[in-house]
Visitor: 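The structure that follows is given in the form of structure tokens.
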Amino acid sequence: MMNLLPTIQLRGAKLHAVTEAQCIGHILDELDAARGGVVITPNLDHLHRLERDASFAALYQHADLIIADGMPLVWASRLQGTPLPQRVAGSTLFIHLSKAAAQRNRTIFLLGGAPSTADRAAAILQGRFPGLTIAGTCCPPMGFERDPATMEKIKSHLLVSRPDIVYVGLGSPKQERLIEQLKNLLPRAWWLGVGISFSFLCGEVRRAPRWMQRCGLEWTHRLWQEPGRLAKRYLIDDLPFALRLFTGAYWNRLTYNRERKDG
């Protein structure tokens, strides 16, 4: 299935070189063919985690569609000479895929998020896209993944509602780990980890202005909103990794051009 979509390698990680429109079309076409899958939307922090966390790398390898949610990944792909066509932000894909799902009579389920945001986000989506069917919502309490009774309730809810698309808004890698646990319940559904998207849509958390998103500065907006939680990740972990990413991408391009010249 996935060999039909072009891919690139970035620091050893596979990324699908598709636009948002191609991504949406692929998911809906696969649903029509009764084939499900998992979408991962890596950003710089995720790419860094792949090198440090073998269990996360295994989840990544099991994904069916891997799209770059982060301008640094797009810049590095261009620097390497294997350009991705565009950034596909998970928070935007969440909205646009829901619109397309309404047009194709597909149902969605919202799982996770801050308290009440899944319900509020579902209501907003239904208001924007008449005909969209919300198969269900579920916002389990903190620590639910360690509570067998709560996990059974979530599984029961999904099995009864049988959605076509399941959005999991828990942040990474928690959402990817939960999807791995649940995906076999509905093998014909598509599963997407969408992080804080429910809160963005509800207005509970403000998303960066569009110009900051285009310039790759969305992380500075998030850092300003949550400095205590994000400072170490962004400033101490991710910035040095970004430098290594760009340096490695440029070196790969030089090496490739030299090999072509010598060949």
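None of the values given here were measured: they were computed from a predicted structure. Values reported hereafter were calculated over all heavy atoms of this structure, with side chains retained and with hydrogens, waters and symmetry mates removed.
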Visitor: Nearest 0.5 angstrom please: Met71 CE to Gln86 CD, how far?
Guide: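 The CD atom of Gln86 is 10.0 Å from CE of Met71, to the nearest 0.5 Å.
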Visitor: Can you tell me if Asp164 uses its side chain to pair, donor with acceptor, with the backbone of Arg106 under 3.5 Å?
Guide: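 Checked: no pair found.
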Visitor: For the backbone of Val74 and the side chain of Ser77, can you confirm whether one donor and one acceptor N or O come within less than 3.5 Å of each other?
Guide: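 At least one qualifying donor-acceptor pair exists.
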Visitor: When rounded to the nearest 0.5 angstrom, what is the spacing between CD1 in Ile40 and OH in Tyr60?
Guide: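 Answer for the CD1-OH pair, Ile40 versus Tyr60, is 7.5 Å.
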Visitor: List in chain and number order the residues that pass salt bridge (charged side-chain N to carboxylate O under 4.0 Å, His left out) with Lys174, two or more places apart in sequence or in another chain; answer none if no residue qualifies.
Guide: Glu145
Visitor: Is the shortest side-chain heavy-atom distance between Phe241 and Leu47 below 4.5 Å?
Guide: yes
Visitor: Check Gly90 against Asp69 and note the closest heavy-atom contact, atom names and distance.
Guide: N-OD2, 3.0 Å
Visitor: With a 4.5 Å cut-off on side-chain heavy atoms, are Ile154 and Pro140 touching?
Guide: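 Yes, their side chains come closer than 4.5 Å.
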Visitor: What's the shortest heavy-atom distance between Ser197 and Ser91, and which atoms?
Guide: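 Ser197 and Ser91 have their closest heavy atoms at OG-OG, 2.9 Å.
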Visitor: Atom NE2 in His26, atom CG in Leu31: separation rounded to 0.5 Å?
Guide: 9.5 Å
Visitor: Do you know which of Leu28, Ile108, Asp64, Leu97 makes side chain to side chain contact (heavy atoms under 4.5 Å, CB included) with Trp190?
Guide: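 Considering Leu28, Ile108, Asp64, Leu97, a side chain to side chain contact (heavy atoms under 4.5 Å, CB included) with Trp190 is found only for Asp64.
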Visitor: So Ile67 and Leu15, do their side chains get closer than 4.5 Å, heavy atoms only?
Guide: no
Visitor: Determine whether Leu44 and Leu245 satisfy the following criterion, side-chain contact (heavy atoms from CB on, under 4.5 Å), listing intermediate values before the conclusion.
Guide: CA-CA 9 Å; Leu44 183 68; Leu245 174 65; 3.8 Å; yes
Visitor: Is there a donor-acceptor pair closer than 3.5 Å between any side-chain N or O of Thr247 and the backbone N or O of Leu243?
Guide: yes
Visitor: Give the minimum heavy-atom separation between Leu84 and Ala68, together with the two atoms involved.
Guide: CD1-CB, 3.7 Å
Visitor: Please tell me whether His157 and Phe109 form a close aromatic pair, meaning their ring centres lie under 6.0 Å apart.
Guide: yes
Visitor: What is the minimum heavy-atom distance between Ile24 and Leu93, and which atoms define it?
Guide: CG1-CD1, 3.6 Å
Visitor: Do Val88 and Thr41 touch side chain to side chain, with heavy atoms closer than 4.5 Å?
Guide: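 Val88 vs Thr41: side chains apart.
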Visitor: List in chain and number order the residues that pass side chain to side chain contact (heavy atoms under 4.5 Å, CB included) with Pro85, two or more places apart in sequence or in another chain; answer none if no residue qualifies.
Guide: Ala17, Thr19
Visitor: Could you grab the distance from atom CZ of Arg35 to atom CD1 of Ile27, nearest 0.5 Å is fine?
Guide: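 Arg35 CZ to Ile27 CD1: 13.5 Å, rounded to 0.5 Å.
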Visitor: What I'd like to find out is whether the side chain of Arg11 reaches to under 4.5 Å of the side chain of Glu51, using heavy atoms alone.
Guide: yes
Visitor: Do Leu65 and Leu5 have side-chain heavy atoms sitting under 4.5 Å apart?
Guide: yes
Visitor: Restricting to side chain to side chain contact (heavy atoms under 4.5 Å, CB included), what partner residues turn up for Asp53, sequence neighbours left out?
Guide: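 Here the qualifying residues are Arg49, Ser55, Phe56, Arg177.
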Visitor: Check whether Leu159 and Val168 end up in the same hydrophobic cluster, where Ile, Leu, Val, Met, Phe, Trp and Tyr are linked by side-chain heavy atoms less than 4.5 Å apart.
Guide: yes
Visitor: Using modelled atom types only, decide if a donor and an acceptor are shared between the side chain of Gln80 and the backbone of Gln9 within a distance under 3.5 Å.
Guide: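 Yes, because the side chain of Gln80 sits within donor-acceptor range (under 3.5 Å) of the backbone of Gln9.
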Visitor: Partners of Asn105 by side chain to side chain contact (heavy atoms under 4.5 Å, CB included), sequence neighbours excluded?
Guide: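 Not a single residue meets the side chain to side chain contact (heavy atoms under 4.5 Å, CB included) criterion with Asn105.
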Visitor: Might you work through the side-chain contact (heavy atoms from CB on, under 4.5 Å) test for His16 and Gln22, ending with a clear yes or no?
Guide: CA-CA 10 Å; His16 287 95; Gln22 289 171 324; over 6 Å; no
Visitor: Between Ile179 and Leu192, what is the shortest heavy-atom contact and its length?
Guide: CD1-C, 4.0 Å
Visitor: Sort and list the pairs that fulfil salt bridge (charged side-chain N to carboxylate O under 4.0 Å, His left out) and have at least one residue in residues 117-137, not counting sequence neighbours.
Guide: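 Residue pairs passing salt bridge (charged side-chain N to carboxylate O under 4.0 Å, His left out), neighbours aside: Arg120-Glu204.
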Visitor: When rounded to the nearest 0.5 angstrom, what distance separates CG in Leu125 from CG in Leu110?
Guide: 6.5 Å
Visitor: So do Leu182 and Lys155 actually touch side chain to side chain, heavy atoms under 4.5 Å?
Guide: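 Of all side-chain heavy-atom pairs linking Leu182 with Lys155, at least one is under 4.5 Å.
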Visitor: Who passes salt bridge (charged side-chain N to carboxylate O under 4.0 Å, His left out) against Arg104, sequence neighbours left out?
Guide: Asp29, Asp32
Visitor: Strictly below 4.0 Å, N to O, side chains only: are Glu20 and Arg87 in salt-bridge contact?
Guide: no
Visitor: With a 4.5 Å heavy-atom cut-off, do Phe144 and Leu178 have their side chains touching?
Guide: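 Phe144 vs Leu178: side chains touch.
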Visitor: Parallel, tilted or perpendicular: which one describes the rings of Phe94 and Phe198, with boundaries at 30° and 60°?
Guide: tilted
Visitor: With rounding to the nearest 0.5 angstrom, report the OG to CG distance, Ser161 to Leu186.
Guide: 7.0 Å
Visitor: Please find the pair of heavy atoms, one from Arg52 and one from His48, that lie closest to each other, and give the distance.
Guide: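 Closest approach of Arg52 to His48: NE-O, 3.4 Å.
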